[in-house]
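The shown structure was predicted, so the numbers you read here are calculated from the model rather than taken from an experiment. For this chain, numbers begin at 1 and follow the sequence in order. These numbers come from the heavy atoms of this one structure, side chains and all, not from hydrogens, waters or symmetry mates.
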Amino acid sequence: MQKNQKSQESAEALAVQALGFVASDAELLPRFLAISGIEAHQIRRAAQEPGFLAGVLNFILAHEPTLLRFSQEVGIAPGEIGSALRALPLGNDDHERSA
């Protein structure tokens with residue numbers, strides 16, 4: 001398995017954890033839905049769209065208390081979430097060129 005593919009798979013797994021974290025929080029979920037413009041019943045379908053998982057990590061990164069809580073819950077440094085974001089489709093400008 002190539003390093004980029006493994007990095008992307010790890011980033012996707014982290015983003016799925018982040019989505020679960022957001023979905024299980026009564027304050028975060030409504031804010032995420034409002035910002036993303038989707039409804040709760042559309043999350044599963046939206047999660048299959050390119051860029052959705054990057055959007056979840058962007059949401060986590062945009063609010064420091066949320067970032068710190070999530071990183072503590074999953075046991076990683078907050079900076080690793082930014083690294084994961086860059087490994088995802090639409091997580092940075094260079095993704096298409098590096099794929």
Closest non-hydrogen atoms of Pro78 and Ser71, given as atom of the first, atom of the second and distance, are CG-OG, 3.5 Å
Donor-acceptor contacts, no H, no angles, side chain residues 39-57, under 3.5 Å, sequence neighbours left out:
unit_1	atom_1	unit_2	atom_2	d
Gln42	OE1	Glu39	N	2.7

List the residues meeting side-chain contact (heavy atoms from CB on, under 4.5 Å) with Leu61, not counting sequence neighbours, and say none if there are none. Leu67, Ile81, Leu85
Can you name the side chain to side chain donor-acceptor pair (under 3.5 Å) partners of Glu12, sequence neighbours left out? Gln8
Could I get the full list of side-chain contact (heavy atoms from CB on, under 4.5 Å) partners for Glu73, not counting sequence neighbours? Phe21
Within this structure, what is the OG-CG distance for the pair Ser83 and Leu88, rounded to the nearest 0.5 Å? 11.0 Å
By side-chain contact (heavy atoms from CB on, under 4.5 Å) - contacts of Glu80 (at least two apart): Ile76, Ala77
Across all chains, not counting sequence neighbours, the side-chain contact (heavy atoms from CB on, under 4.5 Å) partners of Arg31 are Leu28, Ile35, Phe59, His63, Thr66
Set of side chain to side chain donor-acceptor pair (under 3.5 Å) partners for Ser10, sequence neighbours left out: none
Which residue pairs pass the salt bridge (charged side-chain N to carboxylate O under 4.0 Å, His left out) test with at least one member in residues 53-62, sequence neighbours excluded? none
Would you compute the distance between atom CG of Leu19 and atom CG of Leu14 and round it to the nearest 0.5 angstrom? 11.5 Å
Quick check: is Val16 connected to Leu29 through a chain of hydrophobic side chains (ILVMFWY, heavy atoms under 4.5 Å apart)? yes
Which pairs, with at least one residue in residues 16-28 and sequence neighbours excluded, count as a side chain to side chain donor-acceptor pair (under 3.5 Å)? Asp25-Arg69
